[in-house]
Amino acid sequence: MATSRQRQLRILPGDSTSCPARQRLVWPLRAACTALAMLLAGLGACSQTPSEADPPPYVPHSAPQLPTTAIPEPALPMQWWHDTTLNLSQYTPARMDTIAQCAVAAFQLRLVLSPEGAPRIAELRARNPKIVIVGIQEVLSCPEVWSQAGQRERFPLSGALYDVLSPHRAMRTDGQLATMWLNAPMVNPWSSSGYNLDLLRQMMDVISDYASLYPGTLDAVFHDYTSSRPWIYPTPADRSIDVDLDGDGVGAAHDPDDTAAWVGWQHKLVEEWQNRCGAGLIQIANGSLPHSDAIFAHKVAGIHYEEFPSTVWYYSDLAGMDLMLGHLAPGYLTPRRGRVWSEVMSKYPQYQDLCRLTSMLAGVGYSYWTPDNRPMADTIAVDPGLPLGSMQRIQQPDNTVRFQRPFERGQVLVDMWSWGTMRSAEFVGN
């Protein structure tokens with residue numbers, strides 16, 4: 001039993017600002033400007049030879065530049081509110097207070113940049129001016145739900161994105177539509193010049209327009225998800241069926257042109273986001289690409305680890321810990337606003353406290369996953385004080401590996417068996 005001088009927890013494997021009027025003007029104005037530009041170009045072409053009628057240089061739509069003020073690192077691990085619902089407008093004051101207590105809150109981007117969501121984000125900022133708001137945005141997919149009339153009315157951003165992206169659908173080698181998720185057709189980024197830069201810019205123009213409608217609302221984007229090559233969902237029973245981006249009959253797994261277009265688009269995507277929103281934008285990547293592509297990883301400020309530490313790739317607990325430490329080493333990720341933002345997340349009870357303790361070890365953020373997106377009750381109700389040093393990884397005589405870090409009021413200890421399974425995790429008070 002814990003005393004006033006020591007509180008110990010052991011975990012054993014197996015334990016279980018809304019502008020609707022302005023928004024309505026964005027697309028008519030864009031259409032009018034486009035029509036005028038086409039008319040002027042047509043008139044000018046009468047006196048030009050084809051070689052003189054080159055298009056003007058591309059100028060991206062402006063997006064609000066985000067602040068670059070440094071955010072102090074908290075002594076305690078940062079807790080995320082990771083909310084995949086679209087219910088923010090229905091939350092009670094008590095729920096809003098709970099969210100505002102978190103350092104980071106992540107919602108769907110189409111909700112954040114909407115007449116419905118932006119006022120509630122302003123309420124969260126009134127409660128906690130330091131809260132970081134993250135918009136979750138799909139990468140290379142275009143969910144069919146975006147086309148529904150009710151959804152387009154609630155979330156006009158996703159309706160506008162649907163109109164831009166839906167004509168560009170990826171196909172499979174068997175001639176069927178490729179889906180990234182259920183009812184979410186895959187976007188085809190391929191073009192004869194590599195990847196479709198014009199399509200990417202159109203998409204980012206839409207996002208820039210809506211980000212400009214709601215300045216002061218967004219701090220970060222969560223790319224869901226990045227990958228080294230296309231993956232079909234659900235996986236076909238015939239494993240020879242693959243995504244065929246360039247239509248040459250060769251699946252992406254064996255086609256360098258497909259892979260180059262797929263990966264190149266994602267690299268350019270994070271560059272475009274940063275260029276438009278400025279150095280203050282925090283970018284977080286979910287998926288495999290930042291794990292395998294150090295150049296891509298250097299362009300983002302955080303990596304999402306689903307099912308940490310084993311992740312969806314079924315690493316051992318020890319391998320998952322070492323992977324995260326490698327990603328947090330200087331030079332891998334790009335610090336933004338004075339902080340490297342990474343999320344460690346688990347929906348399994350035996351790892352929820354491990355996530356909290358390892359976030360104290362590594363100085364990263366964590367979230368708990370529950371069906372109603374409610375952070376679970378803290379089981380480690382301890383104030384460790386300020387850290388007194390960095391984390392250490394110690395190979396012990398019995399061939400186990402210990403991760404430890406000292407704090408003012410005690411230390412975090414996480415032990416792993418030599419074969420990679422977690423042995424125990426605890427906070428031991430002074």
Side-chain angles (χ1 to χ4, degrees), residues 84 108-110 135-148 151-152 155 157-207 221-273 284-293 296 304 306 312-313:
T84 58
Q108 294 293 317
L109 183 67
R110 61 193 179 116
I136 305 168
Q137 177 60 32
E138 291 82 357
V139 177
L140 286 168
S141 67
C142 185
E144 289 290 354
V145 69
W146 291 358
S147 68
Q148 296 176 5
Q151 292 288 313
R152 295 176 74 102
F155 312 117
L157 168 60
S158 55
L161 287 174
Y162 182 86
D163 293 341
V164 168
L165 297 173
S166 61
H168 303 270
R169 297 186 172 189
M171 305 301 289
R172 311 187 322 187
T173 50
D174 63 351
Q176 299 298 309
L177 180 68
T179 53
M180 183 173 287
W181 297 115
L182 186 64
N183 297 321
M186 188 181 297
V187 174
N188 188 346
W190 183 87
S191 78
S192 59
S193 59
Y195 54 86
N196 195 330
L197 181 57
D198 182 62
L199 178 61
L200 188 148
R201 286 171 168 170
Q202 290 181 52
M203 184 189 78
M204 289 303 302
D205 283 347
V206 171
I207 294 173
V221 59
F222 180 105
H223 299 290
D224 192 18
Y225 67 100
T226 65
S227 56
S228 54
R229 70 179 182 88
W231 173 69
I232 300 172
Y233 177 88
T235 303
D238 182 352
R239 296 303 179 94
S240 68
I241 295 174
D242 198 358
V243 178
D244 181 12
L245 299 179
D246 59 6
D248 64 355
V250 180
H254 305 286
D255 193 331
D257 292 337
D258 284 5
T259 301
W262 187 260
V263 174
W265 167 285
Q266 294 172 85
H267 274 258
K268 189 62 178 177
L269 176 67
V270 298
E271 292 171 11
E272 283 287 301
W273 267 98
I284 304 162
N286 182 29
S288 63
L289 196 57
H291 291 225
S292 58
D293 188 332
F296 178 83
H304 173 253
E306 190 173 348
V312 295
W313 299 286

Identify every side-chain donor-acceptor pair in residues 225-234 under 3.5 Å, counting partners at least two apart or on other chains, and give the distances.
from	atom 1	to	atom 2	distance (Å)
Thr226	OG1	Asn286	O	2.8
Ser227	OG	Arg229	O	3.3
Ser227	OG	Trp262	NE1	2.9

Met204 and Leu269: which non-hydrogen atoms are nearest, and at how many Å?
SD-CD1, 4.0 Å
Answer yes or no: is there a side-chain heavy-atom contact under 4.5 Å between Trp265 and Leu199?
yes
Which atom of Leu165 lies closest to which atom of Val187, heavy atoms considered
CB-CG2, 4.2 Å
Measuring from atom CG of Asn196 to atom CG of Leu200, what distance do you get when rounded to the nearest 0.5 angstrom?
8.5 Å
Do Trp181 and Thr179 have side-chain heavy atoms sitting under 4.5 Å apart?
no
Can you find a heavy atom in the side chain of Leu109 that is under 4.5 Å from one in the side chain of Leu157?
yes
Hits for side-chain contact (heavy atoms from CB on, under 4.5 Å) against Gln176, two or more places apart or cross-chain, chain-then-number order -> Arg172, Asp174
Mark yes or no for whether Thr84, through its side chain, and Gln108, through its backbone, hold a donor-acceptor pair below 3.5 Å.
no
Which atom names give the shortest non-hydrogen contact between Val206 and Ala160, and what distance separates them?
CG1-CB, 3.6 Å
Between the side chains of Asp293 and His267, does any donor sit under 3.5 Å from an acceptor?
yes
List for me each residue that meets side-chain contact (heavy atoms from CB on, under 4.5 Å) alongside Asn188, sequence neighbours excluded, and say none if there are none.
Ala170, Trp190, Leu245
Testing the basics here: between His291 and His304, what is the closest heavy-atom pair and its distance to 0.1 Å?
NE2-O, 4.5 Å
So which atom in Glu144 and which in Tyr162 form the shortest heavy-atom distance, rounded to 0.1 Å?
OE1-OH, 3.0 Å
Say you draw a straight line from CG of Asp205 to CG of Leu161; how long is it, rounded to the nearest 0.5 Å?
11.0 Å
Minimum heavy-atom separation for Asp163 to Arg152, with atom names?
OD2-NH2, 2.7 Å
